[in-house]
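Since this is a predicted model, take the numbers as computed values, not measurements.
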Amino acid sequence: MTEVEAWAEAELVRLAQAGSVSAFDELARRYRRALWFEALRVLRDEGLAEDATQDAMLIAYRALPGLREVARFPFWLRSIARHRAIRLAQGEARQRTALDELLLRHSRSLAEPMAEISGEVGCAIQCLPEQDRLALQLHYLEGWPIAQVARYLGLSESNVKWRMHQARKKVRAQVAPEETQP
C-alpha cells in the first residue's frame, strides 16, 4: 500500500467514525473478502462465514468511534471478524439492531455474495497454516500489495514474503509433486 493509499484509508476510517455510511461502505468493499477468509477458516462453512463477516462489519461500524489508532484499523477489523466467527461456531445467536438493518440497506458491499476458490488448488490452499493461507489469498486472489497484507496480518513485510514463499512451495508440492522433486 502506498503512502497515498494509506492516507486515503485513514481518511475513510475517520469519515466512517464520524458516521459516513459511504466511507464505511468503501472500507467494507476493501476488507470484506479478507474477513470472509478469516471466518471461513474458523467456521469451515461458506454461508456461516458470510454471516460472521457481515456481523463483524456491523460490529465494527458501531465500535468505530472507539478506535483510537486509525492505522491499526485492518488488524482491529480482523480481530473482530475472528472473534465473531468463534462466537458463531460456539452457537451464539445473531442479534441485529435497527442501526444494523439501516446500514445493510445502504451498504452495497455488505450484500455481495462470496465465492471460494475450488478444485485441487483450493484444497491445497485450505491445508496451509492460517497466516500463510491468508497472505496468499489476499495477495494473489485479492491483489493486495505486500505492505497491505502485512498491516492486516500484523506482521512485517519480510515475514509476509517468507510465508508466501513457503506457502507457494507447499501448494506446488501438493498440486504438482512431480515438479518439486529433483
Side-chain angles (χ1 to χ4, degrees), residues 1-43 45-114 130-131 133-135 137-139 142-157 159-160 163:
M1 176 178 284
T2 67
E3 188 176 327
V4 172
E5 290 171 325
W7 177 86
E9 181 173 280
E11 188 59 28
L12 282 172
V13 173
R14 284 187 200 94
L15 288 169
Q17 284 179 315
S20 171
V21 174
S22 61
F24 183 76
D25 189 49
E26 176 58 21
L27 291 167
R29 185 193 65 73
R30 291 180 183 189
Y31 286 99
R32 185 164 181 241
R33 189 156 174 94
L35 300 181
W36 184 72
F37 287 140
E38 187 72 38
L40 186 61
R41 179 194 64 78
V42 173
L43 296 164
D45 179 279
E46 292 179 6
L48 284 176
E50 284 192 46
D51 291 346
T53 300
Q54 197 174 69
D55 288 355
M57 294 302 292
L58 295 171
I59 291 165
Y61 182 77
R62 290 191 309 265
L64 256 175
L67 177 65
R68 301 277 182 244
E69 294 180 52
V70 172
R72 294 196 41 85
F73 175 77
F75 190 72
W76 174 80
L77 187 59
R78 178 178 177 230
S79 296
I80 291 172
R82 182 175 42 254
H83 288 104
R84 184 61 193 136
I86 290 168
R87 288 192 301 268
L88 276 180
Q90 293 170 342
E92 184 178 295
R94 298 174 78 193
Q95 296 177 1
R96 294 263 169 84
T97 66
L99 175 63
D100 293 341
E101 297 303 329
L102 180 67
L103 186 60
L104 286 171
R105 282 196 303 273
H106 290 89
S107 177
R108 289 175 288 140
S109 298
L110 290 179
E112 295 171 358
M114 293 288 180
E130 172 193 355
Q131 289 193 343
R133 183 181 63 251
L134 276 172
Q137 290 170 322
L138 296 175
H139 183 67
E142 296 303 304
W144 286 19
I146 298 293
Q148 186 176 4
V149 174
R151 283 184 345 119
Y152 180 74
L153 295 176
L155 301 170
S156 69
E157 288 183 40
N159 191 294
V160 168
R163 287 175 181 277

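With sequence neighbours excluded, the residues that form a ring-ring contact (aromatic ring centres under 6.0 Å, His included) with Trp144 are Tyr31, Tyr152. By the side-chain hydrogen bond (donor to acceptor under 3.5 Å, both in side chains) test, Glu157 pairs with no residue at all, sequence neighbours left out. Asp45 meets the side-chain hydrogen bond (donor to acceptor under 3.5 Å, both in side chains) test with no other residue; sequence neighbours excluded. Take Ala60 and apply the side-chain contact (heavy atoms from CB on, under 4.5 Å) test, not counting sequence neighbours, and it matches Trp76, Leu77, Ile80. Residues passing the side-chain hydrogen bond (donor to acceptor under 3.5 Å, both in side chains) test with Ser79: none are found, sequence neighbours excluded.
Atom CG of Leu64 sits about 12.0 Å away from atom CD1 of Ile59, to the nearest 0.5 Å. With values rounded to the nearest 0.5 angstrom, Leu134 atom CG is found 10.0 Å from Leu40 atom CG. The structure places CD of Glu142 at 13.5 Å from CZ of Arg30, a figure rounded to the nearest 0.5 Å. Note that CD of Gln54 is 6.5 Å distant from CZ of Arg32, once rounded to the nearest 0.5 Å. The structure places CD1 of Ile146 at 10.0 Å from CG of Leu138, a figure rounded to the nearest 0.5 Å. Here the CD-CG distance, from Gln148 to Leu153, works out to 10.5 Å after rounding to the nearest 0.5 Å.
With a 4.5 Å cut-off on side-chain heavy atoms, Arg163 and Leu155 count as touching.
When all heavy atoms are compared, the tightest approach of Glu9 to Leu27 is CG-CD2, 4.1 Å. The minimum heavy-atom distance linking Val160 with Ala135 is given by the pair CG1-CB, 4.3 Å. The minimum heavy-atom distance between Ala16 and Ala23, with the atom names listed, is N-CB, 3.9 Å. Closest heavy-atom contact between Ala85 and Ala52: CA-CB, 4.0 Å. The two atoms that bring Ala56 and Ala81 nearest to each other are CB-CA, 3.6 Å, heavy atoms only. Considering every non-hydrogen atom in both Phe37 and Gln137, the closest pair reads CG-OE1, 3.3 Å.
For Tyr61 (side chain) and Gly19 (main-chain N/O), a donor-acceptor pair under 3.5 Å exists by modelled atom type.
Applying the salt bridge (Lys or Arg N to Asp or Glu O under 4.0 Å) definition to pairs two or more places apart or across chains, those involving residues 76-85 are Glu38-Arg78, Glu38-Arg82, Asp55-Arg84, Arg78-Glu130, Arg84-Glu92.
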Give the C-alpha distance, both sets of side-chain angles, the deciding distance and a yes or no for side chain to side chain contact (heavy atoms under 4.5 Å, CB included) between Arg151 and Phe73. CA-CA 9 Å; Arg151 283 184 345 119; Phe73 175 77; over 6 Å; no

